[in-house]
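The block underneath contains the structure these notes are about, expressed in structure tokens.
A note on names: the letters A, B, ... follow the listed sequences, proteins ahead of strands, and every chain is numbered from 1. No experiment lies behind these values; they were computed from the predicted model shown.
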Protein chains: 2
Amino acid sequence: MAAPRKAKSTDNATRRRLIEATARVMRDEGYAAATSRRVAAEAGVKQALVYYYFPTMDDLFVEVLRAGADVALHRMRAALTDDDPLQVLWAINSDARVTSLNTEFMALANHRKAIRTELKTYAERVRDIETAAVTVALRARGVDLEEYPPVAISMLIAQTARSLCNEDTVGVTHGHAELRALIERQLHRLADPTPRS
Amino acid sequence: MAAPRKAKSTDNATRRRLIEATARVMRDEGYAAATSRRVAAEAGVKQALVYYYFPTMDDLFVEVLRAGADVALHRMRAALTDDDPLQVLWAINSDARVTSLNTEFMALANHRKAIRTELKTYAERVRDIETAAVTVALRARGVDLEEYPPVAISMLIAQTARSLCNEDTVGVTHGHAELRALIERQLHRLADPTPRS
DNA sequence: GTCTATAATTAGATAGAC
DNA sequence: GTCTATCTAATTATAGAC
């Protein structure tokens, strides 16, 4: 295997540019704006070429979803060996580029079966790896895993970060400082295992 | 004022049916499916009539948003005098009919200025009234409002409930039982003011 | 107030030249 | 592989009859 590049001809530069362009349009203008003509223009090609790489627009959307989920999975796996997986989990889900796309796919999944199925599959894979990372972190800190189930802590951190991000996007920021501070205090409580009623 | 009904001729039955029909379509099939023809059919009228009541589709969307926000505000105001505002806050945001619409508007707001502006306005009004209700509840229970700022507790409860609902909609349920149990335990901790480090 | 009819625009998708 | 050109269908919005 002298040439790991170009292993698959389908892994083309144009194909990749179309996926990235679609993600960009979805983030900036919403999924409804991600038409074949719009994403083709964004990628610098003509509209018909979209259908050379993707049979339907839904197929393109699914590929965008997979690419995004793969990046998230990769980052979380790296976090497994990190000093502080909880902080990594918070940071990943505080990335507006990630959460904006997530919101669009959540809405898209509401009325497209193909995307709902794919979203479910990847959401559960991401949750599993996140839970594994949080389990490592909590166990290392001597936290009672019965009272603070890693899967619940993982969801709480991820969803709170995402919610703050989503609100920022539409310009709602009231209460954000207080919630961030509260979360940080609670994370430190977990890190410093003393109390519990 | 013998006839409080029909005070405004714009408060028509047809107009109201159009707003309700639009909300229904948005919930069930997403905002992209809420076309003038689709909502007209759902309301049992012809397409062109939509434009008699609403200048543009965006105007219709804004009215749907207002109607939904008014209901939420009304429920939360009632909760101010309730036994347990925290439970009411959780219950309201666990209603799939509310949270599905909310997700759609969040996505819509991403690329329509008129809706983003309106969403921001109502989100902040809802947050204020929710915070007031939570303040009442926490104070009555002797909770330290510095360590647990009502606005933060309010956001945490509302956003966690909404997140669980949204995931249910797309079929993701893993970890839900654990997170619900954790939230309930924490709510009881707040209700029974003993520990804190 | 509700309708029919239609204009103007835009979408997804395909055929075929190069 | 990328293009031009085009088809079909659906959309928003308007004009005008009743």
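One atom, CZ of Phe54(A), and another, P of dA11(C), lie 19 Å apart when rounded to the nearest Å. Rounded to an integer number of Å, the gap from CD of Glu29(B) to C1' of dA10(D) is 15 Å. What separates OH of Tyr53(B) from P of dT14(D) is a distance of 17 Å, to the nearest Å. Nucleotide dA11(C) holds its P atom 15 Å from the NZ atom of Lys46(A), rounded to whole Å. For Arg38(B) and dA11(C), the CZ to P distance is 22 Å, given to the nearest whole Å.
A salt bridge between Glu63(A) and Arg15(A) is present, with a side-chain N of the basic residue lying under 4.0 Å from a carboxylate O of the acidic one. The pair Arg16(B)-Glu20(B) fails the salt-bridge criterion, with no side-chain N (NZ, NE, NH1 or NH2) lying under 4.0 Å from an Asp/Glu carboxylate O.
Remark: Lys120(A) NZ is packed, more than 12 non-hydrogen atoms of other residues, nucleotides or ligands lying under 6.0 Å away.
Across dT2(C), dT2(D), dT4(D), the shortest atom-to-atom separation from the side chain of Leu49(A) is found for dT2(D).
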Which nucleotides of nucleotides 12-18 of chain C have their base under 4.0 Å from a protein heavy atom (B), which only their sugar-phosphate (S), and which neither (-), written as one string 5' to 3'?
-> BBB----

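Taking only side-chain nitrogens and oxygens, Tyr52(B) never comes nearer than 4.0 Å to OP1 or OP2 of dT2(C).
The salt bridge (Lys or Arg N to Asp or Glu O under 4.0 Å) contacts involving residues 87-101 of chain B comprise Arg75(B)-Asp95(B), Asp95(B)-Arg97(B), where partners must be two or more places apart or lie in separate chains.
Counting non-hydrogen atoms under 4.0 angstrom, Val45(A) reaches the backbone sugars and phosphates but no base.
Val64(A) has its side chain within reach of Phe105(A): a pair of non-hydrogen atoms, C-beta onward, lies under 4.5 Å apart.
Among residues two or more places apart in sequence or in another chain, the ring pair (Phe, Tyr, Trp, His ring centres under 6.0 Å) test is passed with Tyr31(A) by His111(A), Tyr31(B).
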